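So the structure is just underneath, and the comments pick up after that.
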Protein chains: 2
Amino acid sequence: MGRPTTPLLSTERIAATAIDLVDRTGGFTIAQIAKTLGVRPSSLYNHVTSKAQIIEAMRSRIFETMPAAESRATGATWEQQVRSLLRSYRDAFAAHPRLVPFLTAQTVSAPDVMRIYDDMARILSAAGLPHSRLLDIITVLDSFVIGSALDLIAPDEVWDAGQAKSAELREAIASADSGRLRADRSFDLGLDLLLGGLAGFGAR
Amino acid sequence: MGRPTTPLLSTERIAATAIDLVDRTGGFTIAQIAKTLGVRPSSLYNHVTSKAQIIEAMRSRIFETMPAAESRATGATWEQQVRSLLRSYRDAFAAHPRLVPFLTAQTVSAPDVMRIYDDMARILSAAGLPHSRLLDIITVLDSFVIGSALDLIAPDEVWDAGQAKSAELREAIASADSGRLRADRSFDLGLDLLLGGLAGFGAR
DNA sequence: ACCTGAACACCGTTCAAGT
DNA sequence: ACCTGAACACCGTTCAAGT
């Protein structure tokens, strides 16, 4: 059985199948992808050099649909622009929560993500924030988004009141939202705190 | 060859060896741990039920050395207490950067970590922050610490100026610290921004 | 150029057998 | 109670052979 007249596989199809598997099962193997696509495991290596590269292809796919910063810029304050950008960034993760550990465990090599940093640098620079701290600020915002993305898969059991020793924590858990709603509210709060802090940091 | 007069293994010895392997190589296998301890792979299962449980044992070991909040409380403002707690929390990660992806990929079941949340709840509650938002605030701080911990293994290549398209980002990269120093400075900045924001949130 | 089959060097985990 | 040896059902990856 030699090569088909039209290719059965592509990096895109492989990445899409892998995303689907992670969404459904929390993981993926080369064999599972191959089986889903009706092909042999070794066939994948005509399109991809390693499992790590499949993860990078998944990352590209997740972030390529993110709207560019320009589409949000008209008439908005820099705070609104940053807020919108970070929310899109987090929402891209949130669309596939179980994928997050794979993406955060591995070094970024996708240009789609570098574009996000580019956009942030442009917005923050135009806002008048000190150039000497620009990368630090970007890192803070990036860290918060990534931490919040990981929070999406924290099961409510982590906040199991049964394990909390202090009355304060038990009470806090009892009056909190659960699941996705809780994660969303926390993300918005963090955004408020960070942007409020940046506003008093020399921005115009 | 039956059981030895005195046990060759323990959960602690297994976890310590695994941490050492991750520090040195970035990963660990059951076989590597066994070889290091002069034992057969199957022997580990007399002390541990799975690889996941080894990771939890590593987590315990990493955080058990963290000082309790009480030891920092005397005469300090709540901001100083939170700052000190979060810094210890992050430093525990920072002592083993390559371990971070393993810890963040897996759900927490270690009481040592729950203790950190307990301490945060107690400090923030005493500070007068609204009880209804306590868990959200803890989540924000936790997300930031975890995101910052993952930033520790981001190689400087991520910030490779060659890939940055905008002049703003290229300039920011050029004038930034690199490696651990950059990560430390960013973490301190994030702490300032978040605590500053919390101060204007109804805290006394 | 691209799919296949066979092979390689691993994985984590189980379990009856030993003392 | 705890270590062993053998076995099981997988892993990701390589590569010569086919069209």
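Naming: A, B, ... by sequence-line order, numbering from 1 per chain. Just so we're clear, the structure is a prediction, and the values are computed from it rather than from any experiment.
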Let's see if you get this right: which residues in residues 14-22 of chain B place a heavy atom under 4.0 Å from DNA chain D?
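Contacts with DNA chain D under 4.0 Å: none.
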A/Ile55 and A/Phe102: which non-hydrogen atoms are nearest, and at how many Å?
CG2-O, 3.9 Å
Check for me whether B/Lys51 meets the cation-pi criterion with B/Phe28, that is, NZ or CZ under 6.0 Å from the six-membered ring centre and within 45 degrees of the ring axis.
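Here B/Lys51 passes the 6.0 Å and 45° test against B/Phe28.
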Can B/Arg90 be said to sit on top of B/Phe187's aromatic six-ring, NZ or CZ under 6.0 Å from centre and within 45° of the ring axis?
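Positive - B/Arg90 is close enough to the ring of B/Phe187 and near enough to its axis.
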Restricting to nitrogen or oxygen on both sides, can you table the protein-nucleotides 9-15 of chain C pairs closer than 3.5 Å?
from: C/dG12; atom 1: OP1; to: B/Ile30; atom 2: N; distance (Å): 3.4
from: C/dG12; atom 1: OP1; to: B/Lys51; atom 2: NZ; distance (Å): 3.1
from: C/dG12; atom 1: OP2; to: B/Ile30; atom 2: N; distance (Å): 3.1
from: C/dT13; atom 1: OP2; to: B/Tyr45; atom 2: OH; distance (Å): 2.7
from: C/dT13; atom 1: OP2; to: B/Lys51; atom 2: N; distance (Å): 2.9
from: C/dT13; atom 1: O5'; to: B/Tyr45; atom 2: OH; distance (Å): 3.2

Please state how far atom [atom1] in [X] lies from atom [atom2] in [N], giving the value in whole angstrom units.
X       : N      : atom1 : atom2 : value
A/Leu37 : C/dT4  : CG    : P     : 11 Å
A/Arg40 : C/dC3  : CZ    : C1'   : 10 Å
B/Asn46 : C/dT19 : CG    : P     : 17 Å

Which stems does DNA chain C form, counting runs of 3 or more consecutive Watson-Crick or G-U wobble pairs with both distances under 3.5 Å?
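The stems that DNA chain C takes part in, listed by first number, are C:4-8 with D:12-16, C:12-16 with D:4-8.
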Pair A/Phe93, A/Phe63 - check ring-ring contact (aromatic ring centres under 6.0 Å, His included), show working.
CA-CA 8 Å; A/Phe93 282 119; A/Phe63 289 110; 5.2 Å; yes
Residues which pass salt bridge (charged side-chain N to carboxylate O under 4.0 Å, His left out) with [X], listed by chain and number, not counting sequence neighbours:
X        : value
A/Asp192 : A/Arg83
A/Arg185 : A/Asp177, B/Asp136
A/Glu56  : A/Arg59

How long is the gap from OG1 on A/Thr25 to CG on A/Leu21, to the nearest 0.5 Å?
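Going from the OG1 atom of A/Thr25 to the CG atom of A/Leu21 covers 5.5 Å.
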Interatomic distance, B/Leu193 atom CG to B/Leu198 atom CG [nearest 0.5 angstrom]
11.0 Å
A/His47 vs C/dC3: side-chain N/O to OP1/OP2 distance below 4.0 Å
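A/His47 to C/dC3 OP1/OP2: side-chain N or O found under 4.0 Å.
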Inspect the contact between A/Arg180 and A/Asp184 and indicate whether a charged nitrogen and a carboxylate oxygen are less than 4.0 angstrom apart.
yes
